[in-house]
Amino acid sequence: MTSILVARDAPPLLLHTLRLADTALVLGHRLSEWTGQAPMLEEELALANVALDLIGQARSLYAYAAELEGKGRTEDDLAYLRDAPEYRNLLIAEQPNGDFARTVLRQLLVSAFMLPYWHALTASRDETLAAVAAKAEKEVAYHLRHAGEWVIRLGDGTDESRSRMEDALDELWPFTGEMFETDESDRALIAGGFAPDPAALRPEWDATVARVFAEATLPVPQAGTWMQSGGRRGVHGEHLGHMLATMQHLPRAYPGAAW
Amino acid sequence: MTEAAMPLWEVFIRARAGLSHRHAGSVHAPDAAMALLAARDTYTRRGEGLSIWVVPSAAIAASDPADKDSLFEPTASKAYRHPTFYEVPDEVGHM
């Protein structure tokens, strides 16, 4: 089935909605990969719950993006018929799950940003985004609590759990800078009161991460670490294409399949 | 995963204001804070709860099944203890 192009040359509000939707879907799909493989039943359910929250957020946002685009497409078209370079998610969302330590640290780093982001977005001049944000804010508050509690226990745990958490930190930290980036499209929305300025949320993110890391006895990496960038422009690492191949296989092989 | 690192917790859920907490099941968790999260994720996925209690399973003292005759049999012949001899008005609700 032919791939579709939506993000390229998209007006600011559509691009912004797609970026939020893509990050939510990609991270949600990553978490769903734990289903059947989590280290314990309780965490299997916990990760699946978080995945379902994120996929629910993505659905609302894709439905709105399809409406904004105005070409009669559906949320499923946007999720299943776009190739990796069309995806505009943050790179941290597409990073492989690795072990449980890396998965919960990734969730902490993203949730610590998304909580103040959704909170600020509830004041958006766009009523639909504000409504999605109000629902998502409550969900992400729990994601942050759950991930934070695990990072604390694994960081300040056994030699094995701490070493895994340190490896996860080395792996994921370079992907945190992208959350605070803005481009011309973002700045138009920020100036118009449609979206918050992510740079203004940095102190809250820093404080959350510092609080959790202090309890976890993990060092906060020094400022000035070289940061990865590109996901928000459609420039992805090698992993996203593989993930989408799995995620999109069924609707592409059997267009319009329903059950 | 050892039992010492991940002990068992009994989970009690209160479904609505005015009802009491009821036993829902059990979860493994490293401590009480994590047991509350695990209980939320395991037993309140369909809107079942307003409040959760978790209790270390090891802290529960249980009656011995072998004692069931001496503990429970004597009540079988005391029908007058059942509140079936008067009408409860509907407005009373849960008792």
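Both backbone and side-chain heavy atoms feed into the values below; hydrogens, waters and symmetry mates do not. Quick caveat, the model's predicted, so the values are computed rather than measured. Protein chains get the first letters and strands the later ones, always in sequence-line order, with residue 1 at the start of each.
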Would you indicate whether [X], at its atom [atom1], is surrounded by more than 12 heavy atoms from other residues, nucleotides or ligands within a distance under 6.0 Å?
X      : atom1 : answer
B:K68  : NZ    : no
A:R164 : CZ    : no
A:R59  : CZ    : no
A:H119 : NE2   : no
A:D159 : CG    : no

Just how far is it from atom CG of A:L45 to atom CZ of B:R40, taken to the nearest 0.5 Å? 11.0 Å

Spacing of CZ belonging to A:R145 relative to CG belonging to B:L36, to within rounding of 0.5 Å: 7.0 Å

Test item: B:H28 and A:L41 side chains (from C-beta on) under 4.5 Å apart, heavy atoms: no

Does some side-chain heavy atom of A:H146 sit less than 4.5 Å from a side-chain heavy atom of B:D41? yes

For chain B, the option from A:E44, A:E43, A:E149 that forms the most heavy-atom pairs under 4.5 Å: A:E149

Verdict with reasoning, A:E42 to B:L37, per side-chain contact (heavy atoms from CB on, under 4.5 Å): CA-CA 9 Å; A:E42 289 81 349; B:L37 301 191; over 6 Å; no

